[in-house]
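Here is the structure we will look at, set down as structure tokens.
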Amino acid sequence: MHAQFLQQAIDLAIKNVHTGNGGPFGAVICQDNKVIAACSNIVTCSNDPTAHAEITAIRTACKHLNNFQLTDCTLYSSCEPCPMCLGAIYWARLEQVYFACNHLDAAQAGFDDSFIYNEIAVAPEKRTINMQHLEIRNVHEIT
């Protein structure tokens, strides 16, 4: 079954290349061996940099289940999830992930996210995007 669902994700990615709706990425989420979300990358057609296939599939699956946790679900992705998608996968608490291409394959195709992995390890004030921590008196009231 895993190969079949992974092939669906790959087919979504291939179709997306031909239609020009977004990048060459597809994702499928299953629960009890049934597809509950099947999505492609729609970054360029939606002008949304967060609209990766995995993110849109997580959003769709969560709406379908009316729950922000996907603890008994499996994600199948045409490519190894990027750092943003990896974060979403952990926040959604997916049970497992299967992917086809890895991040090196994505980099060869022009989708290199290694700079993001590198930035995570850098102190916020030393990242390439200026980030500054400001002490605000009552900020602790929100937590």
Side-chain angles (χ1 to χ4, degrees), residues 1-136 139-140 142-143:
M1 292 297 286
H2 297 303
Q4 175 188 342
F5 294 130
L6 187 55
Q7 186 62 55
Q8 273 188 265
I10 293 166
D11 292 344
L12 285 167
I14 292 168
K15 181 179 177 186
N16 219 36
V17 170
H18 295 299
T19 62
N21 287 333
F25 303 98
V28 171
I29 295 180
C30 297
Q31 180 186 51
D32 299 325
N33 291 321
K34 292 183 181 123
V35 175
I36 61 170
C39 299
S40 300
N41 176 298
I42 55 170
V43 168
T44 55
C45 69
S46 67
N47 292 319
D48 179 355
T50 68
H52 290 198
E54 298 92 336
I55 299 290
T56 55
I58 288 169
R59 290 173 180 161
T60 300
C62 287
K63 284 181 184 174
H64 175 79
L65 297 176
N66 196 31
N67 195 333
F68 66 91
Q69 294 185 348
L70 303 173
T71 53
D72 57 349
C73 296
T74 301
L75 171 73
Y76 300 88
S77 179
S78 60
C79 190
E80 180 179 359
C82 74
M84 175 182 68
C85 294
L86 185 61
I89 287 164
Y90 277 98
W91 282 117
R93 294 168 176 81
L94 282 146
E95 186 173 26
Q96 54 188 338
V97 175
Y98 293 89
F99 60 90
C101 299
N102 64 34
H103 69 278
L104 299 174
D105 298 320
Q108 271 191 317
F111 298 91
D112 189 0
D113 55 14
S114 60
F115 72 98
I116 300 171
Y117 285 104
N118 294 339
E119 285 286 297
I120 292 169
V122 175
E125 65 277 2
K126 293 184 179 177
R127 292 182 179 150
T128 56
I129 294 177
N130 187 3
M131 297 186 182
Q132 299 296 320
H133 176 241
L134 297 177
E135 288 288 333
I136 303 297
V139 72
H140 299 291
I142 62 173
T143 56

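Positions are given from 1, in the same order as the sequence printed here. All of these numbers come straight from a predicted model, not from anything done at the bench.
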Worked check of side chain to side chain donor-acceptor pair (under 3.5 Å) between Q31 and D72: CA-CA 6 Å; Q31 180 186 51; D72 57 349; 3.1 Å; yes
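- Here the side chain of E119 pairs no donor or acceptor atom with the backbone of R127 at under 3.5 angstrom.
- Between the side chain of E54 and the backbone N or O of I89, no donor-acceptor pair lies under 3.5 Å.
- Two residues are said to be in side-chain contact when any heavy atoms from C-beta on lie closer than 4.5 Å; P83 and I120 meet this criterion.
- The nearest pair of heavy atoms linking C30 to V28 is SG-CG1, 3.8 Å.
- With contacts defined as side-chain heavy-atom distances shorter than 4.5 Å, the pair L94/I58 qualifies.
- Scanning both residues, A53 and C39, for their nearest heavy atoms gives CB-O, 3.7 Å.
- In this structure, CD1 on I116 lies 12.0 Å from NE2 on H103, to the nearest 0.5 angstrom.
- Aromatic ring pairs are classed by plane angle as parallel below 30°, tilted from 30° to 60° and perpendicular above 60°; the pair F111 and F25 is perpendicular.
- Judged by distance alone, with hydrogens and angles left aside, the side-chain atoms of T71 form no donor-acceptor pair with the main-chain N or O of R93 at under 3.5 Å.
- Taking OG of S78 as the start and CD of Q7 as the end, the distance is 10.5 Å to the nearest 0.5 Å.
- Between the side chain of D32 and the backbone N or O of K34 there is no donor-acceptor pair closer than 3.5 Å.
- Residue Y98 comes nearest to L6 through the heavy atom pair O-CD1, 3.9 Å, listed as atom of the first residue, atom of the second, then distance.
- With rounding to the nearest 0.5 angstrom, the CG atom of D113 is 9.0 Å from the SG atom of C85.
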Audit row: F99, L75, side chain to side chain contact (heavy atoms under 4.5 Å, CB included) steps and yes/no: CA-CA 8 Å; F99 60 90; L75 171 73; over 6 Å; no
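- Smallest separation of non-hydrogen atoms from A61 and I36: CB-CD1, 3.7 Å.
- Atoms OG1 and CD1, on T19 and I14 in that order, are 12.0 Å from each other to the nearest 0.5 Å.
- Expressed to the nearest 0.5 Å, how far OH of Y76 lies from CG of L12 amounts to 14.0 Å.
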Pair C73-L65, side chain to side chain contact (heavy atoms under 4.5 Å, CB included): steps then yes or no: CA-CA 11 Å; C73 296; L65 297 176; 3.9 Å; yes
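- Note that CD1 of I55 is 4.5 Å distant from CE of M84, once rounded to the nearest 0.5 Å.
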Chi angles and distances behind the side chain to side chain contact (heavy atoms under 4.5 Å, CB included) call for H52, C82: CA-CA 9 Å; H52 290 198; C82 74; 3.4 Å; yes
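- At distances below 3.5 Å, not a single donor-acceptor pair connects side-chain atoms of N41 with backbone N or O atoms of P24.
- Qualifying salt bridge (charged side-chain N to carboxylate O under 4.0 Å, His left out) partners for D48, counting only residues two or more places apart in sequence or in other chains: R59.
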